[in-house]
Structure formats: structure tokens, C-alpha cells
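Notes for the one structure printed next.
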Amino acid sequence: MPARSVIIDCDPGTDDALALLLAFGSPELDIRAITVAGGNVGLERTLQNALSLAALASSAAPVHGGADRPLLGTYGFAPEVHGDDGLGGIALPAGGVPNPALAADAIRDILRKAAEPVTLVGIGPVTNIALALITEPPLAAKIAEIVLMAGSWGEGNTTPSAEFNVWNDPEAFAVLLACDRPLVLAPLELTAHALVTDARIAALRARGGGACLRTACDILDSVPRSRRFGGLGFALHDPCTIAWLLRPELFTTRACPVLVDLVPGPNRGRTIIDRWDRSGLAPNAAVLETLDADGFFALLGDRLAALP
Ligand code: RIB
Ligand code: CA
């Protein structure tokens with residue numbers, strides 16, 4: 001099988017770091033670009049983190065800085081989860097320099113020149129992808145699939161209503177919902193299956209591996225254990241998107257109509273995921289519902305152990 005061309009748009013971020021390392025360790029993926037936005041922390045940190053992670057994995061993928069704010073307003077950061085530096089205080093050697101092309105321009109350039117459609121992976125606020133699509137809409141035809149860690153069918157994790165990525169740029173998410181390309185969502189209820197526990201971190205460490213695996217485990221150890229899981233662990237959100245590309249058989253999916261609430265107020269950024277055909281609307285997304293967690297962590301360990 002030829003490698004799948006992908007662009008990964010991110011806001012590293014501890015779980016973004018694991019997603020990037022998983023992708024760097026997966027030869028099935030031809031990473032055409034890493035594009036970066038603010039989100040978990042400010043763009044100046046997320047960009048440096050992406051550069052450091054690419055260097056740690058000896059990836060030649062170009063890294064492009066992008067949006068430091070959403071389409072409207074400003075990003076809200078999450079240092080309580082990711083630390084002030086975005087990587088839980090785990091210091092990495094400095095990476096290279098970013099490619100001078102801005103993220104949205106790089107996305108458009110890659111799509112415009114692509115001989116085959118390109119898969120877009122969004123694991124942060126999707127401002128960069130939205131900017132690319134609204135400035136050159138015909139390029140949507142060059143997108144094979146959009147895979148997002150986004151949303152929830154129940155409660156949010158940032159407000160009672162909204163998941164962090166959508167909460168941070170709901171208008172950008174609405175642009176992607178409307179672009180009429182195959183869309184796959186990994187919502188909070190899916191990523192909850194990828195529960196990181198002390199035992200799973202210990203099992204990863206036992207794989208041996210090199211600096212990438214050790215760094216990944218150090219980053220995981222830095223993440224506060226979530227109240228949502230009784231303090232026993234936390235959901236490893238972003239790598240679920242990469243695992244979908246690598247091992248879709250680990251997942252179950254459901255075609256659903258998905259809407260997003262843009263109205264200012266307590267429900268802003270809420271995703272309305274109609275799993276039971278109550279809205280009468282046509283499905284516009286494949287929603288990932290369940291995950292074989294042991295298979296996921298085995299895949300993660302295999303790929304991290306193969307990295308430098
Ligand atoms: O809600 C979880 C998402 O928000 C993840 O992408 C995490 O990195 C944060 O960006
Ligand atoms: Ca993220």
C-alpha cells in the first residue's frame with residue numbers, strides 16, 4: 001500500500017505530543033506538513049514544542065506556525081493540564097526552525113499541488129484548516145478525509161457543554177462541518193476508552209525503546225489524573241485520530257448528523273451529535289464510538305519503541 005499523505009494540525013500539548021510521535025513512527029503515513037496553532041498554550045510554545053518533537057523523532061516533516069487566535073476572539077489555554085510550557089514541564093532539546101510559509105498557506109499549497117487527495121488530521125482548534133478552506137474553497141476537492149479529535153455527544157470537558165478544541169474555535173469547526181468532505185470525529189466519549197493509567201505507562205516504559213519512548217512516558221507521567229476517571233488516569237485524546245488511520249478495525253463508528261452551537265452563552269461550542277436519528281438531518285460525519293483499548297496501547301507501544 002502506498003503511504004497515505006497527511007497534514008497534521010495541532011496545538012502541542014501533551015496528548016498532541018503522543019499523537020505526533022505515533023505518526024512519526026508510522027511508515028504508513030507520509031507526513032507532508034505539521035501545522036501549528038495556539039490552543040493548549042500560546043502559539044510561541046506550541047510551535048517550539050512541535051519543532052522539538054519533530055527533531056527528537058528525526059522527522060523531516062516541515063513545521064509551519066499558524067493561528068495564534070481563533071477566527072473570532074482569543075484562545076483559552078489549558079496550562080492546568082499541559083503545564084505552562086505545553087509539555088508538562090518535560091524539557092526537550094530545541095528543534096529546528098519553522099518553515100517560513102504560514103500554516104494556512106502551506107495547507108493550501110500542499111492541497112493545490114497534490115496528485116492524490118490528502119488526509120487532514122486536526123487535533124487542536126481547527127483555525128488553520130478553516131482559514132485554508134475559506135480562502136480557497138475549491139481545494140476541498142483535494143481532501144481525502146478530515147479526521148478530528150473534537151466534540152462530545154454528552155458533556156464537555158472545558159465547559160459543561162463544550163469540548164476544548166471546538167470551544168476554542170467553534171466557527172472554524174463549523175466551516176469544516178460544512179465543507180462536504182468525509183469527516184471522522186473522535187469525541188470525548190471515544191477518547192475515554194484510551195485511558196492512560198500508571199500500569200499502562202509502566203508497560204510502555206518496559207518496552208525499552210529510545211529517547212522518544214522515554215520522553216513520551218515522561219510526558220504521560222506529567223499529566224494530572226482526571227476527576228472524570230476518579231483520579232485513576234486520563235484520556236489520551238489526540239493519538240486516537242492517528243490510530244484510526246493506522247488500525248481502523250480497533251474502532252466502531254456511527255454515521256451521524258453533527259451540528260455545533262455558535263450562540264454566545266453556556267452552550268457555545270457544544271456539538272450536537274445525533275446518534276439516534278432524532279433530528280431528521282442527513283449524516284455529515286462518521287463518529288468514532290468505541291475503541292479496543294488494549295489494541296490501541298499495543299499499537300502505541302510498538303510504534304514508540306521503534307523510534308530513536
Ligand atoms: O479536549 C481535548 C483536546 O483539547 C485535545 O486535543 C487536547 O490536546 C486539547 O487540545
Ligand atoms: Ca490537541
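Atoms within each ligand, like the ligands themselves, are counted from 1 in listed order. Residue indices begin at 1 and follow the sequence shown.
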What are the distances between nitrogen or oxygen atoms of ligand 1 and protein nitrogen or oxygen atoms, counting only those under 3.5 Å?
residue, atom, partner, partner atom, Å
ligand 1, 1 (O), Asn157, ND2, 2.9
ligand 1, 1 (O), Glu163, OE2, 2.6
ligand 1, 4 (O), Asn165, OD1, 3.2
ligand 1, 6 (O), Ile123, O, 2.9
ligand 1, 6 (O), Asn165, ND2, 3.0
ligand 1, 6 (O), Asp238, OD1, 2.6
ligand 1, 6 (O), Asp238, OD2, 3.1
ligand 1, 8 (O), Asp15, OD1, 2.6
ligand 1, 8 (O), Asp15, OD2, 3.2
ligand 1, 8 (O), Asp16, OD1, 2.9
ligand 1, 8 (O), Asn40, ND2, 3.0
ligand 1, 8 (O), Asp238, OD2, 3.2
ligand 1, 10 (O), Asp11, OD1, 3.3
ligand 1, 10 (O), Asp11, OD2, 3.1
ligand 1, 10 (O), Asn40, OD1, 3.2
ligand 1, 10 (O), Asn40, ND2, 3.3
ligand 1, 10 (O), Asn165, OD1, 2.9

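Excluding waters, the set of protein N, O or S atoms lying under 3.0 Å from the Ca ion (ligand 2) comprises Asp11 OD1, Asp16 OD1, Asp16 OD2, Ile123 O, Asp238 OD2.
The salt bridge (charged side-chain N to carboxylate O under 4.0 Å, His left out) search around Glu136 returns Arg108, Arg112, not counting sequence neighbours.
Ionic pairing of Arg4 and Glu145 is present here: one or more N-O contacts between side-chain nitrogen and carboxylate oxygen are shorter than 4.0 angstrom.
Residue Ile272 shares its hydrophobic cluster (ILVMFWY side chains chained together at separations under 4.5 Å) with Leu259, Leu281.
Checked by atom type, the side-chain pair Asn40/Asp16 shows a donor-acceptor distance below 3.5 Å. With no hydrogens or angles considered, no side-chain donor-acceptor pair links Thr46 and Asp11 at under 3.5 Å. In the model, His64 has no side-chain atom that pairs as donor or acceptor with a side-chain atom of Thr35 under 3.5 Å.
Contact detail for Ala285 and Val258: the closest heavy-atom pair is CB-CG2, 3.8 Å.
In this structure, Arg254 is positioned above the aromatic face of Trp276, its NZ or CZ under 6.0 Å from the six-membered ring centre and within 45° of the axis.
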What verdict does the side chain to side chain contact (heavy atoms under 4.5 Å, CB included) test give for Val126 and Asn165, after you've listed the backbone C-alpha separation in whole Å, the side-chain angles of each residue and the deciding distance to 0.1 Å?
CA-CA 7 Å; Val126 289; Asn165 289 335; over 6 Å; no
